[in-house]
Amino acid sequence: MTCVATPTLVKGSRSTRSTIALKILMAVTGLVFIGYVLLHMYGNLKVFAGQEAFDEYAHHLRTFGEPMLPYGGLLWVIRAVLLLSVIGHAYSAFALWSRASKARTHKYVMMKAVTATLSSRMMRWGGVALLLFVVFHLLHLTTHTINVNGDPGSPYERLVSSFQPGQWWVAVIYLLAMLALAMHLRHGVFSVSQTLGYSNNARSRARANFAGVFLAVVIAGGFALVPLSILFGIVD
Amino acid sequence: MKIKLKIWRQPNAGTKGAMHDYDLAEVSEDMSFLEMLDLLNENLNEQGEDPVAFDSDCREGICGTCSLMINGQAHGPDVATTCQLHMRSFKDGDTITVEPWRAEAFPVLKDLIVDRSAFDRIIQSGGFISANTGSAPEANNLPVEKAKADRAFDVATCIGCGACVAACPNGSASLFVGAKITHLGELPQGQPERDMRVVDMVAQADYEGFGGCTNIGECTAACPKEIPQDVISQLNKDLRTAMKHGH
Ligand code: HEM
Ligand code: FES
């Protein structure tokens, strides 16, 4: 007879080698991302305070902590933390993804989802979309490798000239990415609370669910305001 | 009423299976789903065909032996076990798709019967407490807070049927393991082995090939005992605590 699971008990089990340890890694790195996107969104909103305020903010980010830190030092610290977090987050996501696909190789002929939200089912592909967007975004506004608008000077000019109606597709890419971010946060925030063990009753679970919707709207909405305002000429 | 059935038939674990169609007449809406299958099997017997193999025991919703994915839902459309599902939940002329639980850790043995001994091994790995034998201790010596006793009792209603695994897009056993962890973890008798219990049970579930949880919640929706998703939060919390204690 084949196929029957081998009746063995695991010996020498370690908490750190469990699937839950991978989930904890994903949750902690996810929290780093949430903190980062909140601050990043706040910075972007300075565009509404005018060119001077925005460019000054961009400059301050680089001189922050001087002379204890070198010029741009804080940014490099943030970049290192984010890079490590992306590696940890993506590693655990892909490891668990592959485990899950091996856990059911024979699909159902008929399968009905009862409570799953679209966001919860899109976490993996949505995460891949976000990763691709991050690469595009860095090539666009950090390294300027993707240059959509000639040679503008200051950070503010580069931002505003990027989202002009003449190259509407840039704004569309950013807005679609924000939709993906909203969905990832909508379920991710709830999932963090579950994974770290903070939703042990119905009330805290409802609160975590609300926090997910709230942060998704605030963060993705806050980011989206900038390209939308430029596209429609509110900021120029 | 008359119904059309699409049922997974597989002669044994090593042979490929397929969906087969059956027409069944004279189904009463007072029949349970399993009695309807009994009727089908009587007909198949008369025709000299192999009856459809499926699991059942108590037929009153307490043992967890019955299973079945019915029209894409574990235990069918009601919040109940398959033995407590009645044909009045369906309409005359309906087509009903019946499949076994699908998970690598629950291999199909025959037709609709799967081997769920992976759950037994998870229990064996940590679902116990150690107690001295002898005369029963005085019950009032060990007070248990009402809220904890209630929670332990509520999650102890898990009958280990495997619907949570069957319904989970990741094939995860987290609701089952979480129910056991919470049940024993809320009680004073469960404390001495608490850290090792969660580490061992999770390691066993991982080893059996169940997937990781993504908190989608299909398990809870499918659970005939309505075990809430917060046992998974408790499971994660207990594992994190064990990690802090160096296990
Ligand atoms: C590298 C690309 C990414 C992939 C493949 C990915 C994939 C995933 C997956 C599969 C989960 C688990 C879902 C669950 O358990 O419900 C998750 C959770 C999460 N992700 Fe991502 N993600 C990526 C990037 C990001 C980014 C850029 C952010 C920034 C906002 C983010 C924030 C989160 C948060 C907060 C969670 C919740 C953690 C948890 O499950 O406990 N992710 N991600
Ligand atoms: S046969 Fe016992 S629960 Fe259904």
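Throughout, a chain's letter reflects where its sequence line sits, starting with A, and its residues are numbered from 1. Below, all heavy atoms of this structure are taken into account, side chains as well, without hydrogens, waters or symmetry copies.
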(message) So if I take each residue of residues 144-159 of chain B and look for any heavy atom under 4.5 Å from a heavy atom in chain A, which residues do I end up with?
(response) B/Arg151
(message) So does B/Cys213 get a backbone contact from the side chain of A/Lys23, meaning a donor-acceptor N/O pair under 3.5 Å?
(response) yes
(request) Could you tell me whether the side chain of A/Arg104 and the main chain of B/Asn170 form a donor-acceptor pair under 3.5 Å? (result) no
(request) Mind ranking A/Lys107, A/Gln194, A/Arg205 by heavy-atom pairs under 4.5 Å with chain B and telling me who comes out on top? (result) A/Gln194
(message) Could you report the tightest heavy-atom contact between A/Lys112 and B/Glu218, atom names first, then the distance?
(response) O-OE1, 4.1 Å
(request) May I ask you to decide if A/Leu9's main-chain N or O and B/Gln124's side chain share a donor-acceptor pair within less than 3.5 Å? (result) no
(message) I need the residue from B/Ser174, B/Ala222, B/Ser172, B/Gly171 with the largest number of non-hydrogen atom pairs under 4.5 Å to chain A.
(response) B/Gly171
(message) Quick check on the interface: out of A/Thr117, A/Leu22, A/Leu96, A/Thr115, who has the most heavy-atom pairs with chain B under 4.5 Å?
(response) A/Thr115
(request) Please state whether the side chain, the backbone, both or neither of B/Ala74 comes within less than 4.5 Å of a heavy atom of chain A. (result) neither
(message) Using side chain to side chain contact (heavy atoms under 4.5 Å, CB included), reason through A/Met110 and B/Val98 one step at a time and then give a plain yes or no.
(response) CA-CA 9 Å; A/Met110 195 178 192; B/Val98 191; over 6 Å; no
(message) Please output the residues of residues 229-240 of chain B in contact with chain A, using a heavy-atom cutoff of under 4.5 Å, in numerical order.
(response) B/Gln229, B/Asp230, B/Ile232, B/Ser233, B/Gln234, B/Leu235, B/Asn236, B/Lys237, B/Leu239, B/Arg240
(message) So for atom OH, which belongs to A/Tyr57, do other residues, nucleotides or ligands contribute more than 12 heavy atoms lying within a distance under 6.0 Å?
(response) yes
(request) Would you indicate whether A/Arg79, at its atom CZ, is surrounded by more than 12 heavy atoms from other residues, nucleotides or ligands within a distance under 6.0 Å? (result) yes
(message) Contact between A/Thr8 and B/Tyr207 at the side-chain level, heavy atoms closer than 4.5 Å - yes or no?
(response) yes
(message) Using heavy-atom distances under 4.5 Å, tell me whether A/Arg14 contacts chain B through its side chain, its backbone, both, or neither.
(response) both
(message) Side chains of A/Met123 and B/Thr214, heavy atoms from C-beta outward: is any pair under 4.5 Å?
(response) no
(request) Take A/His106 and B/Trp8 through the test ring pair (Phe, Tyr, Trp, His ring centres under 6.0 Å) and record every step on the way to the result. (result) CA-CA 12 Å; A/His106 195 125; B/Trp8 180 260; 5.0 Å; yes
(request) Could you walk me through whether B/Met69 and A/Met111 pass side chain to side chain contact (heavy atoms under 4.5 Å, CB included), step by step? (result) CA-CA 8 Å; B/Met69 201 70 175; A/Met111 177 65 155; 3.5 Å; yes
(request) Could you look at A/Lys11 and say if it's the side chain, the backbone, both or neither that has a heavy atom under 4.5 Å from chain B? (result) neither
(request) Walk me through it: do B/Thr97 and A/Tyr108 pass the test side chain to side chain contact (heavy atoms under 4.5 Å, CB included)? (result) CA-CA 10 Å; B/Thr97 303; A/Tyr108 289 107; over 6 Å; no
(message) Between A/Tyr198 and chain B, with a heavy-atom cut-off of 4.5 Å, which part of the residue counts as in contact: side chain, backbone, both or neither?
(response) both
(request) Against chain B, work out which of A/Ala100, A/Ser18, A/Ala103, A/Ala21 has the most heavy-atom pairs shorter than 4.5 Å and name it. (result) A/Ala103
(request) Sort out for me which of A/Thr19, A/Asn200, A/Val10 touches chain B most, counting heavy-atom pairs under 4.5 Å. (result) A/Asn200
(message) With a 4.5 angstrom heavy-atom cut-off, is it the side chain or the backbone of B/Glu99 that approaches chain A, or both, or neither?
(response) side chain
(message) Using a 6.0 Å cut-off, check whether atom CZ of B/Phe128 has over 12 heavy atoms from anything other than its own residue.
(response) yes
(request) Take B/Met243 and A/Thr16 through the side chain to side chain contact (heavy atoms under 4.5 Å, CB included) test and state the conclusion after the steps. (result) CA-CA 7 Å; B/Met243 201 182 269; A/Thr16 43; 4.1 Å; yes
(request) Check the surroundings of atom CZ in A/Phe48: do more than 12 heavy atoms from other residues, nucleotides or ligands lie under 6.0 Å from it? (result) yes
(request) Decide yes or no for A/Arg99 and B/Asp206: does some side-chain heavy atom of the first lie under 4.5 Å from some side-chain heavy atom of the second? (result) yes
(message) Can you tell me how far apart OG (A/Ser15) and NZ (B/Lys244) are? Round to the nearest 0.5 Å.
(response) 12.0 Å
